[in-house]
Amino acid sequence: MGVTVKAYAKLNFTLDITGASDGFHMLDSLVCTVDLYDTVKVKKRRDKLVNIVMHGCGTETLPYEHNNAAKAAESFINAFGTCGADITIYKNIPVGGGLGGSSADVAGVLNAMSRLYGVGSERQIKELADELGSDTGYLLSGGWARLTGRGERVQSLDIKTKLYILLLLPQSGVSTAECYRVCDGLQGSLPRTADALSALLKEDLTAFGGSLGNALYPAATQLNPDVEKAFSELEDFAPLGVNMTGSGSGVFAIFPTRELRDWAKSRYGGKFRQIELKTQIF
């Protein structure tokens, strides 16, 4: 007997850097999960050990000590005094694309183990998640949200707007640490989150598309020129808006209908991998 959960990817529709505190960058970001997910399967063990097996996206050889999902299981066991777990993760979320795949797996393991052992309130699991990653607490539930602080402050949003998305993934990623380091040496960008959220709440998709932005984008293009190329290629389809998610290297365009998104996909002739997505409405 075990528990299986879906661990969803996210997109940053805006990402503002508002300052720094205790060595962390402070953010203001409008995010939503999308219909791309890893599958996390968890079974009880009789001892306190964690065994984890990864499938897909080149994660099969990921060392145990570098696996954040394994760290999440260990933290859960220590926090609640449960037995261990056999964990299998089937990855569909590309690694290094700014889609939150690692954080999603951590959230998936915490959710699965809480159900498996029947322990842990929402508050307790959120506190544990926040210790393991800045946006992990948000990915416990997903949906539309505004993230502030390090990303651990989550304002869930009751938004029913469905967007159709074409994501382009350059072959090489962008180091998050390096991206923030380079960004610190560049001129700051104008904040976008408040305007984007206001437009979205009014269901003004034209204004919303024009409000997308990511403060890390200039730094990411310095580290990986393919980010700028993907951005330019998507702009050619005249979507509602284009943005980079996270620290890259994934870049996406939003469309109001599936037909327009699929039209763009059918006419794309570039070299980057394409993924069709839509925002998750819970």
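Given the structure is predicted, the values throughout are model-derived calculations rather than measurements.
- Applying salt bridge (charged side-chain N to carboxylate O under 4.0 Å, His left out) to D35 and the options K10, R258, K6, K278 leaves one that passes, K278.
- Other residues, nucleotides and ligands contribute over 12 non-hydrogen atoms within 6.0 Å of the CD atom of E65.
- No donor-acceptor pair closer than 3.5 Å links the side chain of S114 to the backbone N or O of L110.
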- Might you work through the ring-ring contact (aromatic ring centres under 6.0 Å, His included) test for F255 and Y164, ending with a clear yes or no? CA-CA 5 Å; F255 299 87; Y164 295 89; 9.3 Å; no
- Task: Show the numbers, then the answer: is there a side-chain hydrogen bond (donor to acceptor under 3.5 Å, both in side chains) between D28 and T148?
- Result: CA-CA 5 Å; D28 188 6; T148 54; 5.9 Å; no
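- Remark: side-chain polar atoms of N78 are paired, donor with acceptor, to backbone N or O of E74 under 3.5 angstrom.
- Checking side-chain atoms of E131 against main-chain N and O of A129 turns up no donor-acceptor pair under 3.5 Å.
- Judged by distance alone, with hydrogens and angles left aside, the side-chain atoms of D16 form a donor-acceptor pair with the main-chain N or O of R192 at under 3.5 Å.
- Nearest approach of P239 to E235, heavy atoms of both residues: CD-O, 3.9 Å.
- S75 places a side-chain N or O within 3.5 Å of a backbone atom of K71 that can act as its donor or acceptor partner.
- Judged purely by atom type and a 3.5 angstrom limit, D105 has no side-chain atom pairing as donor or acceptor with the backbone of A69.
- Between the side chain of S29 and the main chain of N12, no donor-acceptor pair closer than 3.5 Å is present.
- Electrostatic pairing of K271 and D226 counts as a salt bridge here, judged by a charged N lying under 4.0 Å from a carboxylate O.
- Looking at N214, its side chain does come within 3.5 Å of a backbone N or O of M244 through a donor-acceptor pair.
- Within a 6.0 Å sphere centred on CD of E127, heavy atoms belonging to other residues, nucleotides or ligands number more than 12.
- Residues D47 and R45 are paired through a salt bridge, judged by an N-O separation under 4.0 Å between the basic side chain and the carboxylate.
- Counting only distance, with no hydrogens or angles, the side chain of T221 and the backbone of P218 share a donor-acceptor pair below 3.5 Å.
- Between K43 and D86 there is no salt bridge, since no side-chain nitrogen of the basic residue lies less than 4.0 Å from a carboxylate oxygen of the acidic one.
- The environment of CD in Q171 is sparse: at most 12 heavy-atom neighbours from other residues, nucleotides or ligands sit within 6.0 Å.
- The ring pair (Phe, Tyr, Trp, His ring centres under 6.0 Å) contacts involving residues 172-213 comprise F13-F208, H25-Y180, where partners must be two or more places apart or lie in separate chains.
- The shortest non-hydrogen separation linking L36 to P94 is CD2-CD, 3.8 Å.
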